[in-house]
Every structure is written in structure tokens, then in C-alpha cells.
Amino acid sequence: MTDLSRYQDAATIQRVIHTARTVAVVGLSGNALRASYFVGYYLQRHHYRVIPVNPRETQILGETSYPSLRDVPEKIDIVNVFRAPDALPGIAREAVEVGAGALWCQFGVVNEEGNRIAEEGGLAVVVDRCLKIEHARYVGRMNWLGFNTRRITSVRTGLQ
Amino acid sequence: MTEEPFRTEEDREFGFETRQLHAGQRPDPNTGARAVPIFQTTSYVFEDPESAAAYFNLQEYGNTYSRIMNPTVAVFEERVANLEGGMGAVAFSSGIAAQAAALFTLLQPGDHVVSSGALYGGTVNQFKHLLRKMNVALTWVDPDDPEAWRAAVRPETKAFFAETIGNPSGNVLDIETVATIAHEHRIPLLVDNTFATPYLCRPIDWGADIVIHSATKFIGGHGTSIGGVVVEAGTFDWSNGRFPVIADPSPAYHGLRFHETFGTYGYLMKLRAETLRDLGGALSPFNAFLFLQGLETLSLRMERHVSNALAVASFLRDHELASNVTYPGLPDSRYRPLVEKYLPRGAGAVFSFDCAGGRTGGQDLIRGVTLWSHLANVGDAKSLIIHPASTTHRQLGDEELRAAGVAPGTVRLSVGTESIDDLIWDLRQGFAKVAASDGRA
Ligand SMILES: Cc1ncc(COP(=O)(O)O)c(C=O)c1O
């Protein structure tokens with residue numbers, strides 16, 4: 001197994017989550033029971049602009065769905081991938097081409113070549129992590145359901 | 001939602017003593033309260049209908065109703081999950097409720113469970129009667145025999161169950177070996193870690209998939225509250241074909257596939273959103289608060305518990321009216337290699353021995369002591385004593401008694417944190433009584 005820890009750096013994850021506004025979700029499903037839909041829905045609730053990238057749909061979560069990253073007419077902060085690992089190199093190339101800020105691969109979306117392409121193209125890369133969970137860990141309320149956020153802090157922060 | 005300027009937190013590995021004080025809690029954002037607030041409320045006001053729907057659909061982490069989640073209970077859950085090295089935890093109103101819920105989440109009628117036969121008597125009863133009622137078959141095995149675990153597996157086997165340190169016979173589970181056998185068959189290993197606590201052993205580090213506690217014992221530590229908790233490692237593949245009850249669309253949650261949708265969180269989500277919702281054994285916020293107070297000193301108490309236990313066990317080993325001292329921490333215990341591997345900080349503080357004089361001898365000892373408390377509990381800071389054959393294991397037949405490692409004269413001790421000289425002085429008083437009635441007989 002490849003060592004993924006360099007793509008799971010806590011500081012990078014927090015910086016990406018806190019600075020991003022627009023998230024293109026590649027492989028976002030229109031089925032409300034799929035994991036990608038849960039993540040997209042959650043991101044919208046937390047004021048991210050979600051852009052579906054799925055050639056088989058026209059609209060998901062009230063947003064126009066685009067066939068590929070190249071077709072998205074706006075600047076993308078995070079490319080969030082819910083596709084099979086072998087699709088990653090192509091997605092990473094497009095992400096570099098459109099000048100995205102970060103490539104974020106969900107659980108199981110692990111492809112060395114894809115990670116390298118994105119990294120060499122100057123993107124922050126996060127692999128085998130869920131964007132919703134990491135957001136909920138650092139900003140949200142994951143702890144309200146007894147999950148182990150692994151956070152230890154005595155700093156008082158604002159309202160949740 | 002306020003998204004304020006952020007301070008990046010480092011991914012530091014904090015020590016156990018730090019985590020037992022801090023994990024799961026951040027200073028209350030509203031008030032700045034440093035202690036964990038007791039949220040004594042049944043329910044929570046929703047911001048708007050969309051938020052309410054998102055919480056009930058599990059699309060957003062939000063409080064709905066305290067049978068299912070509560071902010072004080074959640075601090076306790078996260079703290080235990082953190083100390084055990086798990087993905088998360090769900091708390092229950094008792095250890096027995098926690099066990100039932102952990103199993104019900106993964107079982108269906110027609111399934112089969114393989115369990116250690118050397119368990120707490122209440123667990124033996126629960127498995128023997130409740131599981132049968134649910135049409136779940138059960139095989140008891142000798143936990144010390146890896147081949148017995150392997151031989152008991154059937155196509156419909158869904159779980160292995162054992163205690164880290166058996167109650168009361170003190171057998172130590174070879175967690176790594178039994179977990180390996182379970183995983184060879186795509187079955188999870190459930191471990192009751194009540195007697196070890198995460199300070200002495202973390203079964204997840206050795207391959208266990210689910211860890212269960214009666215928090216009533218050392219976690220609470222002061223004999224004030226009944227409660228339990230289930231921790232899951234988050235690494236078991238519930239979509240391996242053996243667990244349609246978790247992987248397939250759930251009729252009890254509008255067709256949700258818990259494992260596919262929540263991935264590593266699937267089991268825990270189902271445990272909370274379905275099993276806790278439907279069985280209803282929720283932990284009260286006040287008891288969660290008391291357990292949190294207990295956890296703050298867990299390592300300190302356990303250090304003292306194990307050093308006192310070793311001293312008491314050594315005293316008994318050398319006493320002519322005591323035999324068969326089952327403390328696995330004794331240097332000549334047959335569990336020595338397993339203790340060195342799994343319990344290097346100490347082998348807990350609960351064990352049994354056989355008192356001379358059989359049933360009457362055991363009862364005389366209990367009549368003779370004045371500091372040890374005669375009651376049916378373990379894991380209090382106060383030292384406790386009981387005679388299983390006439391109390392906790394009373395419902396068991398002779399053969400089951402033997403399987404549980406209990407003889408007519410067996411006395412179980414839970415060694416507390418008192419001055420060690422006083423504990424030994426009191427046992428001497430008890431043995432004097434045993435000797436006196438022996439003389440009469
Ligand atoms: C090892 C063990 N597991 C489970 C339990 C059950 O826990 P509770 O009494 O909290 O239901 C006990 C209680 O004695 C126990 O000793």
C-alpha cells in the first residue's frame with residue numbers, strides 16, 4: 001500500500017476547508033440516498049457553492065450539472081472526486097487545466113498517478129478522506145453524534 | 001453558521017492522561033463553561049423545517065431528541081471512542097443494553113454467534129435466553145482454545161464475543177489470534193473491555209472490531225451510575241456479503257444503505273439511528289456527566305487498582321485458606337505471556353479465589369470482613385466482595401458454573417484503591433472467621 005499520510009495532512013485539510021467557496025463534485029449522483037448526494041447537500045447547507053459534474057444529469061441539488069470540469073464556467077476551489085480510482089488521472093489533468101485550487105479524493109479514490117499530476121500542477125491534494133467528515137470534524141458538529149474527531153483543544157470558539 | 005477566522009490545529013498524538021481529561025469536549029461556545037455542561041433536555045429547537053429534515057435524514061449532524069443523541073452524552077461517547085482508538089461510540093443506559101444493541105445491529109433471525117463461555121453471568125443469561133428468543137443460535141467455546149473458535153464457525157455466524165479479562169475467572173483473551181480467525185471468516189470480533197478499561201488494554205489495537213463497556217464499573221469508578229457504551233473501530237467491511245442487514249437498503253430507515261452511504265461510519269450510524277432509536281436504552285445526561293468525572297481520573301485510579309490487586313492476590317496465594325487465585329497478574333499465572341502482551345500495565349483488579357470450606361467457607365469469609373463491601377458490583381474505588389454461587393451466578397447450572405470458572409467456595413474480589421494494609425488486615429479478619437467455623441465443624 002502506498003503511504004497516503006502526506007495527502008492527509010491536518011493543516012492542509014483545514015486550510016482547504018476554510019478557504020474554499022466553490023466545490024465541483026465529480027460523480028455527484030442525483031439519487032438522494034447516495035454518499036455523494038449526502039456530501040453535496042451538506043456542503044450547500046454550509047454555504048459552499050456546489051457544482052455537479054456528471055454527464056448523465058442536467059440538474060442536481062438545484063444546480064446545473066456539467067459533463068466535465070472543462071465545461072464549468074467558474075473558478076473551482078475544490079475538485080471533489082466520487083469516481084472509480086482509474087478515472088483519477090484524467091480528472092486530475094482537467095483539474096490542473098482549469099486552475100482548480102485543490103483535488104480532494106473521497107474514501108477509496110486512490111490513484112498514485114492522479115495524485116502526482118495534481119501535485120505537479122500546483123494543487124493541494126487530499127486523498128482517502130471525506131470532505132463532509134473533515135468539515136464536520138473541524139468546523140461542524142461531528143462530535144454531536146459521538147464520533148471521534150481526535151481534536152484536543154481548550155480554545156473557545158464561536159457559536160456552532 | 002459563523003465561519004470565523006481559523007487557527008490550524010496540529011495533528012498531534014496526545015497522551016492518554018491528556019485525552020482522558022479533554023477528548024470530546026471543547027469549551028462551551030455559548031458560555032465558555034470549562035466543565036462539561038449537563039444538557040438536561042429531552043429535545044432541541046430546530047432552526048427551520050429544512051434543518052429539521054436534514055437532521056432526521058442524517059444529512060446533517062444535528063440534535064433531535066435525547067433518546068437518540070444528547071450533547072453531554074456525546075462528550076462521553078467521543079471521549080471513550082478516543083481513549084479506545086475507535087471511530088466513534090454510542091452510549092447506553094447499561095452495559096447489558098450496550099451489548100444487546102451492538103449485537104442486534106448486526107444480527108437477524110437465523111444467525112449464529114460464537115461466544116466465550118467464560119463471561120459475566122448476566123451476559124451468559126442474556127445470550128442464552130434473549131438470543132434464543134430472537135431465533136439466534138449460540139455456541140459457547142473455551143476462549144483459550146483458538147481451534148475451538150475456528151471449529152464453531154458456521155455459514156450463518158455473524159459475531160465472535162469475548163471479554164478481555166473474563167469475569168470472574170480471570171482468563172485473558174488472545175485478542176490478536178481470535179480476531180485473525182474471525183477475520184478469516186469475514187466475521188467481526190466483539191470484545192467486552194470492562195475489566196481492562198482502555199488504560200490497560202485497547203482491543204482495537206489488536207484487531208477487535210467492536211469494544212463494549214459496562215461504564216458502571218471502572219469508567220464511572222465510584223459506583224454511582226449504571227451505563228454502557230459501544231465503540232466501533234470503523235475498519236470492518238460490512239459490505240463483505242455477510243451482513244445484508246447493514247449493507248442492504250434498510251426498511252427501517254427509508255431504504256438507506258448504511259454502509260455504502262456512511263462508509264466507515266455505517267455501523268455506528270445504524271446503531272444510533274435505528275437500534276438505539278428502537279430499543280430505547282438511552283444514557284441519561286446526568287449519568288454521562290458522572291462517567292466523564294470518572295474518566296478524568298481513569299489512569300490514576302487504574303494504576304492504584306492494579307497495584308493493590310497484585311498485593312492482595314499475592315497475599316491470598318500464600319494463605320493456607322485460599323487456593324486457585326485467578327489473578328492473571330500473578331507471576332506464575334498461566335496467562336503470563338498474554339498479560340505481558342495485552343496488559344503490560346496490569347491485569348485489572350477483579351479476580352476470584354476458592355475459599356477453604358466450600359460454600360460455607362465463602363459465606364463465612366464474607367461475614368468476617370468489615371471493610372470490603374458485600375455487594376454485586378465491580379470496579380468501584382471501594383473494595384468489593386461477593387460469593388458468586390449464591391448471587392451473580394445463581395441462575396447457572398453446575399456445568400455452566402464450571403464453564404464460567406466458578407466453584408461453590410469461589411469468592412470474587414474487586415480490589416479498590418484503599419490503603420493496601422487495611423485491605424489485607426480485613427481479609428485476615430475474614431479468614432479468622434473461616435478458621436473458627438472450620439474448627440467448630
Ligand atoms: C464484564 C461485564 N460486562 C457487562 C456487565 C453488564 O453491565 P451493566 O451492569 O452495566 O448492565 C457487567 C456487570 O457486572 C460486567 O461485569
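Residue numbers start from 1 in every chain, and the chains themselves are labelled A, B, ... in the order their sequence lines are given, proteins ahead of strands.
The line from CE of B:Met269 to CG of A:Leu145 is 5.5 Å long, rounded to the nearest 0.5 Å. Note that CZ of A:Phe38 is 5.5 Å distant from CD of B:Gln59, once rounded to the nearest 0.5 Å. Taken to the nearest 0.5 Å, the CD atom of B:Glu10 stands 9.5 Å off from the CG atom of A:Asp9.
At a cut-off of 3.5 Å, with distance as the only test, a side-chain donor of B:Arg34 or A:Ser154 sits close to an acceptor on the other residue.
A distance-only check finds a donor-acceptor pair linking the side chain of A:Gln14 to the backbone of B:Glu9 [under 3.5 Å]. Formation of a donor-acceptor pair under 3.5 Å by the B:Thr261 side chain with backbone atoms of A:Leu33 is found in this model. Here the side chain of A:Arg141 pairs no donor or acceptor atom with the backbone of B:Gly62 at under 3.5 angstrom. For A:Arg156 (side chain) and B:Asn30 (main-chain N/O), a donor-acceptor pair under 3.5 Å exists by modelled atom type.
Within the 4.5 angstrom heavy-atom criterion, atoms from both the backbone and the side chain of A:Val155 approach chain B. Looking at B:Ser51, both its backbone and its side chain come within 4.5 Å of chain A, counting heavy atoms on both sides. Using a 4.5 Å cut-off between heavy atoms, A:Ile133 contacts chain B through both its backbone and its side chain. Contacts between B:Glu13 and chain A at a heavy-atom distance below 4.5 Å involve the side chain alone, from C-beta outward. Contact of B:Thr31 with chain A is made through the backbone alone, with heavy-atom distances under 4.5 Å.
Identified by a heavy-atom distance below 4.5 Å to chain A, the contributing residues of residues 248-259 of chain B are B:His254, B:Gly255, B:Leu256, in residue-number order. Of all residues in residues 79-90 of chain A, none places a non-hydrogen atom less than 4.5 angstrom from a non-hydrogen atom of chain B. Residue-level contacts of residues 270-280 of chain B with chain A, in order of numbering, are B:Arg272; threshold 4.5 Å between heavy atoms. Of residues 66-88 of chain B, those residues lying under 4.5 Å from chain A by any heavy-atom pair are B:Met69, B:Ala74, B:Glu77, B:Glu78, B:Ala81, B:Asn82, B:Gly86, B:Met87, B:Gly88.
The local environment of OH in B:Tyr65 is sparse, with at most 12 non-hydrogen atoms from other residues, nucleotides or ligands closer than 6.0 Å.
A salt bridge links A:Arg34 with B:Glu260: at least one charged nitrogen is closer than 4.0 Å to a carboxylate oxygen.
The shortest distance between side-chain heavy atoms of B:Phe14 and A:Arg150 does not fall below 4.5 Å. Side-chain contact between A:Ile152 and B:Thr18 is present, with heavy atoms from C-beta onward closer than 4.5 Å. The shortest distance between side-chain heavy atoms of B:Arg26 and A:Asn143 falls below 4.5 Å.
Of the listed residues (A:Cys130, A:Gly146, A:Ala35), the one with the most heavy-atom contacts under 4.5 Å to chain B is A:Gly146. The candidate with the highest count of non-hydrogen atom pairs below 4.5 Å against chain A, out of B:Ala54, B:Gly24, B:Ala23, is B:Ala54.
The aromatic rings of B:Tyr265 and A:Phe147 sit parallel to each other, their planes meeting at less than 30°, with 60° as the upper class boundary.
Remark: A:Lys132 is not positioned above the aromatic ring of B:Phe262, lacking an NZ or CZ atom under 6.0 angstrom from the ring centre and at most 45 degrees off the axis.
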